[in-house]
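Following: one structure in structure tokens, then a few remarks.
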Number of protein chains: 2
Amino acid sequence: MFVRITTDPTRRPNSLRDLGLTSGSNPAVSLSEFSYKKGTEIYGEKEAADYVYQVKTGAVRSYKLLSDGRRQIGAFHLAGDIFGLENGNSHRFTAEAIVDTTVRLIRRQTLELVADSDPVVANNLLTMTTNNLQHAEDHMLLLGRKTSLERVAAFILEMDQRLTGAEVIALPMSRRDIADYLGLTLETVSRALSRLHELSIIDFIGNTQRQIVLSDRRKLATIDLQG
Amino acid sequence: MFVRITTDPTRRPNSLRDLGLTSGSNPAVSLSEFSYKKGTEIYGEKEAADYVYQVKTGAVRSYKLLSDGRRQIGAFHLAGDIFGLENGNSHRFTAEAIVDTTVRLIRRQTLELVADSDPVVANNLLTMTTNNLQHAEDHMLLLGRKTSLERVAAFILEMDQRLTGAEVIALPMSRRDIADYLGLTLETVSRALSRLHELSIIDFIGNTQRQIVLSDRRKLATIDLQG
DNA sequence: GCCGTGCATTGAACGCTCTCATAATTCGGT
DNA sequence: ACCGAATTATGAGAGCGTTCAATGCACGGC
């Protein structure tokens with residue numbers, strides 16, 4: 001019934017397999033797939049959290065809204081990322097596909113049952129939650145204390161690190177999404193990116209403005225002050 | 001060797017006993033006490049996380065610093081609160097006593113050993129981490145998208161909820177601490193509090209400005225927009 | 001090919017919050 | 001009780017980011 005995979009504890013779990021589950025070795029654990037068109041909602045804030053998701057292809061934004069429409073994006077989920085993992089019964093963010101997106105999903109109940117009997121799986125759940133917590137803590141510092149240029153620099157560095165392997169940073173999200181992630185307006189984000197371009201730190205390639213080449217990673221790092 | 005306490009899963013764990021540990025029933029699990037004078041450091045960011053703490057009396061601030069001194073307080077820890085619980089090996093915040101403070105502490109290793117063999121304890125650790133995550137997520141919305149008046153209103157409501165039972169909200173922290181928690185300057189916090197006083201929403205009592213009476217909780221709640 | 005739509009850039013002016021400065025009050029130590 | 005240090009309040013002015021507005025460009029439908 002339950003799958004027990006002894007994962008390497010030194011590696012950060014970043015796939016459902018890493019959580020200690022796999023569909024390949026056990027048909028009882030279902031790993032379904034589902035696709036969402038660009039802009040469509042995957043789940044809403046306060047909805048029942050019945051599934052845990054992993055991005056197979058595409059990108060997802062998780063956000064909260066104030067009643068007057070102000071939006072704060074808490075995280076972007078890229079290929080390989082797990083999202084929607086809750087401890088309570090309901091989702092604390094709304095999740096939307098930024099572009100056409102395919103996700104793998106697993107029943108949350110399944111995961112919990114496994115975690116109850118397998119300390120390794122339970123510990124992986126804790127590690128994932130801790131990773132999310134750490135990201136949120138770093139983001140609080142950014143939102144509370146960094147300037148607009150520092151925020152945008154930090155954003156590019158984060159994306160550069162996460163969209164690893166690629167020479168160019170192909171951003172799936174709009175300027176507005178970036179702004180709502182960084183606590184700015186889209187105009188301010190655009191101006192900061194233009195500024196970084198003037199400073200010969202980044203370049204734009206192709207017809208679109210969403211493909212960025214990081215020409216000077218070191219200079220960008222000095223702009224985004226670290227602790 | 002290990003203590004197994006079956007806690008009530010419906011109650012939010014908010015003491016070390018709730019985590020599944022107690023010194024009373026088992027002398028092998030040591031729950032020591034330690035006192036810190038006002039303003040002293042309990043642990044520093046990146047220091048080894050060897051202990052988990054619970055505030056017995058007093059108050060604690062957890063913060064991150066940028067290299068130029070800008071500070072972001074991530075959380076205040078009041079009587080009963082557990083803090084310093086890490087999954088990784090080092091602390092991600094610096095923790096300081098805001099006033100003279102006494103803490104209970106427990107070796108982190110002890111907790112982990114228990115958690116490995118006791119799913120209830122392990123789940124309590126996950127629940128605590130999730131509570132911290134939820135707080136950080138809400139705070140990201142505040143820092144990214146709320147106005148100064150909304151932030152201060154949210155702060156008073158949070159303190160009112162946490163310093164429950166008291167008719168007056170006796171704040172242990174300075175205006176500067178509040179500012180660094182809310183991503184503002186102390187002057188802006190002071191002005192917002194004066195504004196709330198003008199609006200007959202809060203009153204100050206006694207000689208100090210740190211004792212606040214919440215005269216109109218409902219009006220304050222309308223100022224702090226909710227999702 | 002043409003046009004409508006969405007996205008991004010850029011400019012100009014505004015305003016919220018910050019910075020700087022001063023004063024009043026409280027707190028802590030002797 | 002006294003006095004220096006710390007805290008808070010408040011005003012004036014500046015600045016960073018927002019708001020409002022116009023333009024350019026890419027893409028998709030007909």
Side-chain angles (χ1 to χ4, degrees), chain A residues 37-39 61 66 68-72 98-100 142-153 155-156 169-198 202-212 223, chain B residues 37-40 61 66 68-72 96 98-100 142-153 155-156 170-199 202-212 223:
Chain A
K37 284 232 173 302
K38 171 180 176 173
R61 58 181 169 244
L66 291 178
D68 62 0
R70 280 175 283 175
R71 182 178 71 157
Q72 178 63 45
I98 296 176
V99 294
D100 290 355
L142 179 149
L143 293 171
R145 287 302 177 215
K146 290 187 179 177
T147 67
S148 63
L149 196 65
E150 290 168 348
R151 295 182 199 203
V152 173
F155 172 74
I156 295 177
I169 304 172
L171 300 176
M173 71 289 286
S174 69
R175 297 292 188 261
R176 173 169 293 280
D177 285 338
I178 299 173
D180 286 348
Y181 178 58
L182 299 178
L184 300 169
T185 60
L186 67 94
E187 292 95 333
T188 299
V189 170
S190 181
R191 278 184 249 267
L193 287 171
S194 297
R195 181 103 185 280
L196 292 176
H197 181 59
E198 288 168 19
I202 62 174
D203 276 306
F204 299 100
I205 61 173
N207 305 334
T208 169
Q209 304 295 83
R210 296 195 187 178
Q211 308 231 62
I212 294 180
I223 287 179
Chain B
K37 283 232 173 302
K38 171 179 177 175
T40 58
R61 59 182 166 242
L66 292 177
D68 62 359
R70 279 173 285 173
R71 184 177 70 158
Q72 179 63 45
E96 281 176 0
I98 296 175
V99 293
D100 290 355
L142 179 150
L143 293 171
R145 288 300 178 216
K146 290 187 179 177
T147 67
S148 63
L149 197 65
E150 289 168 349
R151 294 182 200 204
V152 172
F155 172 74
I156 295 177
L171 300 175
M173 72 289 284
S174 69
R175 297 291 188 263
R176 172 169 293 280
D177 285 338
I178 299 173
D180 286 348
Y181 179 59
L182 299 179
L184 300 169
T185 59
L186 67 93
E187 294 94 332
T188 300
V189 170
S190 181
R191 278 184 251 266
L193 288 171
S194 297
R195 181 104 186 280
L196 292 176
H197 181 59
E198 287 167 20
L199 294 169
I202 61 173
D203 276 306
F204 300 100
I205 60 174
N207 305 333
T208 171
Q209 304 295 84
R210 296 194 186 179
Q211 307 232 65
I212 294 179
I223 287 179

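Chain letters run A, B, ... following the sequence lines, proteins first, then strands; residues in each count from 1. Everything numeric in this text was worked out from a predicted model, so none of it was measured.
- Against DNA chain C, the stretch residues 185-197 of chain B makes heavy-atom approaches under 4.0 Å through B:T185, B:E187, B:T188, B:R191.
- DNA chain D is contacted by B:S174, B:R175 of residues 174-183 of chain B, taking any non-hydrogen atom closer than 4.0 Å.
- End-to-end axis angle of the helix from C:dG1-D:dC30 to C:dT30-D:dA1, from C1' rotation axes over five pairs per end: 50° (rounded to 10 degrees).
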Side-chain donor/acceptor pairs under 3.5 Å, residues 178-186 of chain B, sequence neighbours excluded:
residue : atom : partner : partner atom : Å
B:D180  : OD1  : A:R145  : NH2          : 2.7
B:D180  : OD2  : B:R71   : NE           : 2.6
B:D180  : OD2  : B:R71   : NH2          : 2.9
B:Y181  : OH   : B:H135  : NE2          : 2.9
B:Y181  : OH   : B:E158  : OE1          : 2.7
B:Y181  : OH   : B:E158  : OE2          : 3.2
B:T185  : OG1  : B:T188  : N            : 3.4
B:T185  : OG1  : B:T188  : OG1          : 3.0

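- Under the 4.5 Å side-chain criterion, counting only non-hydrogen atoms from C-beta, B:L171 is not in contact with B:I156.
- On the nucleic acid side, DNA chain C has its first and last nucleotide under 4.0 Å of a heavy atom of chain B at C:dT17 to C:dC27, going 5' to 3'.
- Residue B:I202 contributes atom CD1, which lies 13 Å from atom P of D:dT8 at whole-angstrom precision.
- Put simply, the side chain of A:R210 does not reach to within 4.5 Å of the side chain of A:P172, judged on heavy atoms.
- At least one side-chain heavy atom of B:K146 sits less than 4.5 Å from a side-chain heavy atom of A:L66.
- Residues meeting the side chain to side chain contact (heavy atoms under 4.5 Å, CB included) test with B:S194, sequence neighbours left out: none.
- Checked against salt bridge (Lys or Arg N to Asp or Glu O under 4.0 Å), A:R70 has the following partners two or more places apart in sequence or in another chain: A:D68, B:E150.
- Scanning both residues, A:A153 and A:I223, for their nearest heavy atoms gives CB-CG2, 3.8 Å.
- Panel note: side chain B:D100, backbone B:K37; no donor-acceptor pair is recorded below 3.5 Å.
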Checklist line | Pair B:D203-B:H197, side-chain contact (heavy atoms from CB on, under 4.5 Å): steps then yes or no | finding: CA-CA 6 Å; B:D203 276 306; B:H197 181 59; 3.2 Å; yes
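- Taking A:E187 as the reference, nothing meets the salt bridge (Lys or Arg N to Asp or Glu O under 4.0 Å) condition, with sequence neighbours excluded.
- Listed by chain and number, the residues in a salt bridge (Lys or Arg N to Asp or Glu O under 4.0 Å) with B:R61 are B:E96, B:D177 (sequence neighbours excluded).
- Using a 4.0 Å heavy-atom distance criterion, B:T147 is classed as a sugar-phosphate-only contact.
- Between B:F155 and B:L142, every side-chain heavy-atom pair lies at or beyond the 4.5 Å cut-off.
- Counting to the nearest Å, the P atom of D:dT7 and the CG atom of B:L171 are 15 Å from each other.
- Across every non-hydrogen atom of A:I202 and A:L193, the tightest pair is CD1-O, 3.6 Å.
- A straight line from NZ of A:K146 to P of D:dC16 spans 19 Å, rounded to a whole angstrom.
- Taking the nucleotide of DNA chain D with the nearest heavy atom to each of A:L184 and A:N207, the more 5' of the two is matched to A:L184.
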